[in-house]
Amino acid sequence: MKPIPDILAVENLSVSFRTEDGLRHVVDGVSMSIKSGEAVAVVGESGSGKSVTMLAAMGLLPPTAIIKADAITLNGEDLVGATDTRLATLRGTEISMVFQNPMTSLNPTMRIGEQVSETIAVHDASVRQDTLNAIALRLLGETGMPNPELRVTQFPHEFSGGMRQRAVIAMALAGEPGIIIADEPTTALDVTVQAQIVGVIRDLQENHAVASVVITHDLGLVAELSERVIVMYAGRVVEETPVADLFDAPAHPYTRALLESRPSSTRDKARLASIPGLPPSSADAVSGCPFHPRCEHAIDICKTDRPTLARFSDTRAVACHRYEEILKIGADTSDAISLTQDRKAVGDVVLKIEDLTKSFGSVHAVNGVNLELRRGETLGLAGESGCGKSTLARLAMGLSTPTTGKIEVDGRQLSGLKGRALRDARRDIQMVFQDPTSSLDRRMTIGAIIAEPMQIAGWAPKRIAEKTAELIKSVGLADHYLNRRPSELSGGQRQRVGIARALALDPQVVLLDEPTSALDVSVQAQVVNLLDDLRSTSDAGYIFIAHDLGVLRHVSDRIAIMYLGKLVEIGPCEEVFAFPRHPYTRALLASIPADHPKDRTKGKFVVSGAPPNPANIPSGCSFRKRCPLADERCSAQVPELTDVSSSGHRVSCHYRDDLDRLATLATTGGQKPRPKITKSP
Amino acid sequence: MLNYIATRVIQALVVLVLVSILVFLIMYLVPGDAVTVLAGPDPTPEVVDALRRKLGLDQPLPVQYVKWALAALQGDLGVSYIIGRPVSELIATRLPATLELAFAAILIASFFGIMVGIVAAQRQGTWVDGAITAANSFVLSIPNFWFGILGIITFAVWLGWLPSGGRKLFSEDPLNALQYLIMPAVALSLDSIAMIARLVRASVLDELSRDYVTVARAKGVGKNWLMRRHIARNAAIPVLTVLGLRFGQMLGGAVLIEAVFNWPGLGRLTVEAIKNRDVVLVQGTLMYFVVIYMAVNLLIDLSYGLFDPRVRSSAGGKV
């Protein structure tokens, strides 16, 4: 058998950007190659240079980029110095790309069908319009677009995020390229839609003779979609390995730390191993190994000598002076401390929500929700976008008036309060926001931001100063940060400030609205650990809203699942995760990307479609249109939230006790890794 | 889309009523009404009373307004006291000249404005872009009529290629009429060219930085195709708004340019009416400006739907 040729190879690529502060090196001497038909993942945190490397290969970097490379070869043709016209000819036909945000990657004024077939039209003017239409129709059908005949004539704003991403994938496929690059293709999507898109990408890997490069920070996606993994850090390749070895025996300390820092939906709860510090801002900012300041295994040589990427087996390479020792440690995490032991027992009810409804016209964003939160307890709240979780948070904060229903904070009724009384009551309930950048005033110093709630509350300056110092310390930042401004802090540090501000007035209830979703994995672990620490020292109740069920499982005592404004399942975290009784909860859990390639979601229950238009909810059970178990009863009768155990586990499904039926909706896969693709062109 | 049109038309009608009340009230805000003008110096109280009764000025204001508005709806804007002819007739005689100038100027402004703006955007950061930006600021900082005078000195007095002022009819001698039209039209369009060029540049650059452009380039789309098929439509939307505002202003008559080129349009009619305290004529021309301006802007608003499908469906109710 002939060796499989490389379809894309990059040799000694360096990219820097001209910025106001001088040159910033983003990619530093990267070499990598992708074989025909191969499924590769490029992993790293933001700023690692993974996207820039691929954009450079496509010639899509902005003019401010300075690109140096010994060679960039696509199908044997060297692209270094190629004209823009030549690159344009290759793009779409030889190499194509799927981008992160489907909400912005389509032209809002052009019909979907035209955008899909444009990939062909732009390269070959002789193709007739009806042929183009037929191709667009076929490709949209192949990506699992429902009702493609209608969809080709529509505009992007008539599509949900998942459908838009299908259209973007259809566009990338249209020119029948030999290689498709997918840059964070599921990051902007809801977890159930993410699972659908993973299925679409896997289909194209298997059914088209195409190599794929998935760029991601999400190790779950790596496990789902790759055979071989390239790990990047600070503009360099630090490890290259078959996917199973990455999870079983990481060779680079950074890879190992990444694996340990992600919360898992299946492993035992344990304190997350966070990576201290931050990645360097520029690839040449650190001498020696760029990871050594954050590496617990670093020795003297790491500070002075830069390790090169060295092959240590047929399939593996690593850039680490101490990889042999790292390999021996393996990916074992059994020495981790269990969290549940030092959790406090829960106390009295601190937040009580009764029959809460919030309507906007005919849309019921929150529809009859009952909820109790106790002191010292963390309630995880999950659901797809638009399910009403953020509206619920706004109502609980008193930022929005409920249409009907009651909210009680610490025994005090919130609804009906006005003016001063409302402001006083709000002090007891504080919020940490999703985007730490936009939720801090960039003109104020960190000290002023943290002190502001206390000033409004009328505290004495001396007391404010003491409390501010105490708060900044409790969120793990040094005193001198008090004089800085948000722009001088990293995302994770800003979120710490947001947390400190929320805790300033010792609130009874803390609402955390996706507090870690804007952060990198290693930083997310730092923030999650910080929250763990803070909760063990305070007796407030916490509501943690997130779409990442791994994080939720990690932080929550109880978990509540929302769908179209209603709670469909609520109960003790372990019980809900171990034995979900609502088909929707099962769908959410089944959608979580695997922890390990051997657990790929293939064969699991992946729910189809997206939530219906909230103005037009189906009769009976609102989930029935997407539910494989639904029958006449579900369309006739609205299921009530009913106890299924003595532990407070409640479910609103007619078939909550029909265990045989529920068992058909598998939440774990357990398939063997699929065989390597051996197609050659 | 029908809903959208209906909403916009109703909004326009409400504004029209409010503005017409303001225009009507002008008569009572300026010192000295028609009577003081018509009755001549030192009139007796009897003469004044008789005149007031004759003009209907003795009736309560709301009654006067309703009468005036109903008549205006039927095209009767009253009779000018000074000239002694119906206002609508006076406007009608001047309208063709104003329309001709406005259409010519807006055509020149859109063509050159869009072209120059696209060139500047495509050459962002180069000397071409710099030169265009400087030229734009220069043109915007100097009033149009100054360029008009400069044009007359250069092309009429010095080179003798074009007439220095006046208007000829296209129906009689098209070439000759064009010679008369060209200088006032260019002079009137200059600041609009600069403003539209600026806006087109910003709008195109804004679109070029969007994700869908990168996606299109990843499909293999080249520069020209990108500009034609992707950018043009999206970048047109903000430009349309300004084009509409400018065109509305031009249709109201270009006072200074008409004066410089002795162009017999509505601008000069209005100036004369104000000078003569011909309140009825001022009211009439003002009402005409308001209606024209609003009609043009309504058309522009409706045309967004042609360019942007999101306007069509969001305005048409549920998606």
Side-chain angles (χ1 to χ4, degrees), chain A residues 54-55 58-64 84-85 87-111 114-125 154-159 167-168 171-172 174-175 177 180-181 183 361-363 613 615-616, chain B residues 1 3-4 120-129 203-241 302-319:
Chain A
M54 286 301 148
L55 287 169
M58 286 195 78
L60 286 176
L61 286 175
T64 50
D84 213 38
T85 324
L87 286 173
T89 316
L90 296 172
R91 290 196 287 253
T93 54
E94 303 281 332
I95 184 167
S96 67
M97 193 152 176
V98 173
F99 293 85
Q100 175 170 2
N101 189 350
M103 303 317 273
T104 56
S105 43
L106 292 163
N107 183 341
T109 61
M110 203 189 255
R111 288 181 201 280
E114 195 186 344
Q115 296 197 49
V116 171
S117 60
E118 186 181 33
T119 314
I120 298 162
V122 76
H123 294 290
D124 185 354
Q154 288 187 319
F155 289 96
H157 70 274
E158 296 167 275
F159 279 44
V168 173
M171 276 186 321
I180 292 183
I181 297 162
D183 189 357
S362 61
V363 176
N613 183 342
N616 189 16
Chain B
M1 188 66 193
N3 260 338
Y4 175 64
Q122 282 181 329
R123 310 230 182 335
Q124 188 201 3
T126 65
W127 67 269
V128 179
D129 183 27
S203 188
V204 166
L205 286 179
D206 193 38
E207 291 302 321
L208 279 175
S209 70
R210 291 191 195 266
D211 287 351
Y212 75 82
V213 169
T214 314
V215 174
R217 291 182 60 212
K219 285 194 267 186
V221 167
K223 263 187 193 154
N224 292 331
W225 178 298
L226 188 68
M227 200 55 75
R228 251 190 0 255
R229 302 281 190 104
H230 289 272
I231 305 287
R233 216 172 230 274
N234 286 294
I237 296 163
V239 176
L240 260 182
T241 313
L302 296 183
S303 69
Y304 290 151
L306 288 180
F307 287 86
D308 192 342
R310 286 165 297 187
V311 173
R312 257 174 276 164
S313 54
S314 65
K318 281 148 202 149
V319 179

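Chain letters run A, B, ... following the sequence lines, proteins first and then strands; every chain starts at 1.
Once rounded to the nearest 0.5 Å, the distance linking CG of Asp211(B) with CZ of Phe99(A) reads 8.0 Å. Put simply, CD on Glu118(A) and CZ on Arg229(B) are 7.0 Å apart, with the number rounded to the nearest 0.5 Å. From Lys219(B), atom NZ reaches atom CE of Met97(A) across 14.5 Å, with rounding to the nearest 0.5 Å.
The neighbour count for Asn224(B) CG, taken as heavy atoms of other residues, nucleotides or ligands under 6.0 Å away, does not exceed 12.
Annotation: maximal heavy-atom pairing with chain B below 4.5 Å, among Ala88(A), Gly59(A), Pro63(A), occurs at Ala88(A). Put simply, of His230(B), Arg210(B), Lys223(B), the one with the most heavy-atom pairs under 4.5 Å next to chain A is His230(B).
Checking Asn234(B) against Asn107(A) by side-chain atom types alone, a donor-acceptor pair falls below 3.5 Å.
If you measure heavy-atom distances from Ala121(A) to chain B, the contacts under 4.5 Å come from both the backbone and the side chain. At a 4.5 Å heavy-atom cutoff, the contact between Leu60(A) and chain B is made by backbone and side-chain atoms alike. Contacts between Thr109(A) and chain B at a heavy-atom distance below 4.5 Å involve backbone atoms as well as side-chain atoms. Interface remark: Leu87(A) contributes no atoms to any contact with chain B (heavy atom separation under 4.5 Å). For Gln100(A), no part lies near chain B; criterion is any non-hydrogen pair under 4.5 Å.
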Give the C-alpha distance, both sets of side-chain angles, the deciding distance and a yes or no for side-chain contact (heavy atoms from CB on, under 4.5 Å) between Thr104(A) and Tyr212(B).
CA-CA 6 Å; Thr104(A) 56; Tyr212(B) 75 82; over 6 Å; no
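For Pro108(A) against Pro309(B), the heavy-atom pair with the smallest separation is O-CG, 3.1 Å. The shortest non-hydrogen separation linking Val122(A) to Gly220(B) is CG2-O, 3.9 Å.
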